[in-house]
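Proteins come first, then strands; the chains are lettered A, B, ... in the order of their sequence lines, and each starts at number 1. Below, all heavy atoms of this structure are taken into account, side chains as well, without hydrogens, waters or symmetry copies. Since this is a predicted model, take the numbers as computed values, not measurements.
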Protein chains: 2
Amino acid sequence: MGMDETVAIAKALADRTRLRILMALTGGELCVCQIVEFCSLAPSTISKHLQILAGCGLISGRKDGRWVYYHLSEKDATKNVRGALKWLRSSFSDDAHSSIDMKTLEKVVAKDREALCRSQSKK
Amino acid sequence: MGMDETVAIAKALADRTRLRILMALTGGELCVCQIVEFCSLAPSTISKHLQILAGCGLISGRKDGRWVYYHLSEKDATKNVRGALKWLRSSFSDDAHSSIDMKTLEKVVAKDREALCRSQSKK
DNA sequence: TTGACAGTTCGTCATGTGGCGAATTATAGT
DNA sequence: ACTATAATTCGCCACATGACGAACTGTCAA
């Protein structure tokens, strides 16, 4: 506990891509391939971001077969993490751009998950 | 407004020195030379940190003669900044290390301000 | 007006960070 | 067992960041 934890959390939040991931996860858990599609970045890049977010407890992963689903930490999180997520939620709620981004997300979620993964492997 | 502001705030918080400055300022405004002493870093380094914190509205400066005093933003801050500061306050309050740091700060504040500046110019 | 000095800005350097593709790991289907 | 594939890890590169000292700016005192 202490300042180092706070620095780690702030570092995790100090990146646009990671904030977009967290914002996307406010709608519920997502598969890695969905996050990759949403962010339009390489799977290796997204995986690294997810490790950073999970490393300080902001998100948690759940493995289901070949797929891994990530979700925001809730009750299980430290008080510090919960405070950070609370700030983020209020920040997103008065963010005009978020709503545009959320539409992008809806399109991704609407796609069939298997078709999505197949389309990624073609690249 | 929006995500860019949130990223800027998070970047500003993503550094141990800047967090220590913010923590110190929770006790009220401080002169730059006091912050320099508290952090044990070069004035140019501290100045840069203060510009970053002020740049996203977390702190404000007040010039008084040759001295500049910085303080945490309050009512004048955006909702986003106020949310971030609220998170930080709760974070500092359960930080065991903060109390040690605050004693360091007390010693700095206890020193005569002019004597402090003189001792710095000797270096 | 000249000198001293608080603070900022500038130039430089070492280190940290985000991006990608290639290689690796683990799981599902044939 | 073998192949395909979701995800992670590794190695690399370009760029951002934090540190310093030197130079600059503005203000007070002699």
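Between A/Tyr70 and the phosphate of D/dT8, there is a side-chain N or O to OP1/OP2 separation shorter than 4.0 Å.
With sequence neighbours excluded, the residues forming a side chain to side chain contact (heavy atoms under 4.5 Å, CB included) with B/Glu74 are B/Leu72, B/Asp76, B/Arg89, listed by chain and number. Not counting sequence neighbours, the partners of A/Lys63 by the side chain to side chain contact (heavy atoms under 4.5 Å, CB included) test are A/Val68. Taking B/Thr78 as the reference, B/Glu5 meet the side chain to side chain donor-acceptor pair (under 3.5 Å) condition, with sequence neighbours excluded. A search for salt bridge (charged side-chain N to carboxylate O under 4.0 Å, His left out) contacts involving A/Arg82 returns nothing, not counting sequence neighbours. Every residue two or more places apart in sequence or in another chain that forms a side chain to side chain contact (heavy atoms under 4.5 Å, CB included) with A/Glu29 is listed here: A/Arg62, A/Tyr69, A/His71. Judged as a salt bridge (charged side-chain N to carboxylate O under 4.0 Å, His left out), and not counting sequence neighbours, B/Lys86 has no contacts.
In terms of heavy-atom proximity, B/Thr6 sits nearest to A/Ser91 at OG1-OG, 2.7 Å.
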If the sugar-phosphate is the primed atoms plus P, OP1 and OP2 and the base is the rest, what is the B/S/- string for nucleotides 23-30 of chain D, using protein heavy atoms under 4.0 Å?
-> ---BBS--
Footprint string (nucleotides 15-25 of chain C, 5' to 3'): B base within contact, S backbone only, - free, heavy atoms under 4.0 Å | --SBBBBB---
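An end-to-end axis angle of 30° holds for the helix from C/dT1-D/dA30 to C/dT30-D/dA1, taken from five base pairs per end and rounded to 10°.
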Taking distance alone, no hydrogens or angles, what donor-acceptor pairs closer than 3.5 Å link side-chain atoms of residues 48-59 of chain A to residues at least two apart or in another chain?
| unit_1 | atom_1 | unit_2 | atom_2 | d |
| --- | --- | --- | --- | --- |
| A/His49 | ND1 | A/Arg18 | NH1 | 3.1 |
| A/Gln51 | NE2 | A/Ser47 | O | 3.2 |

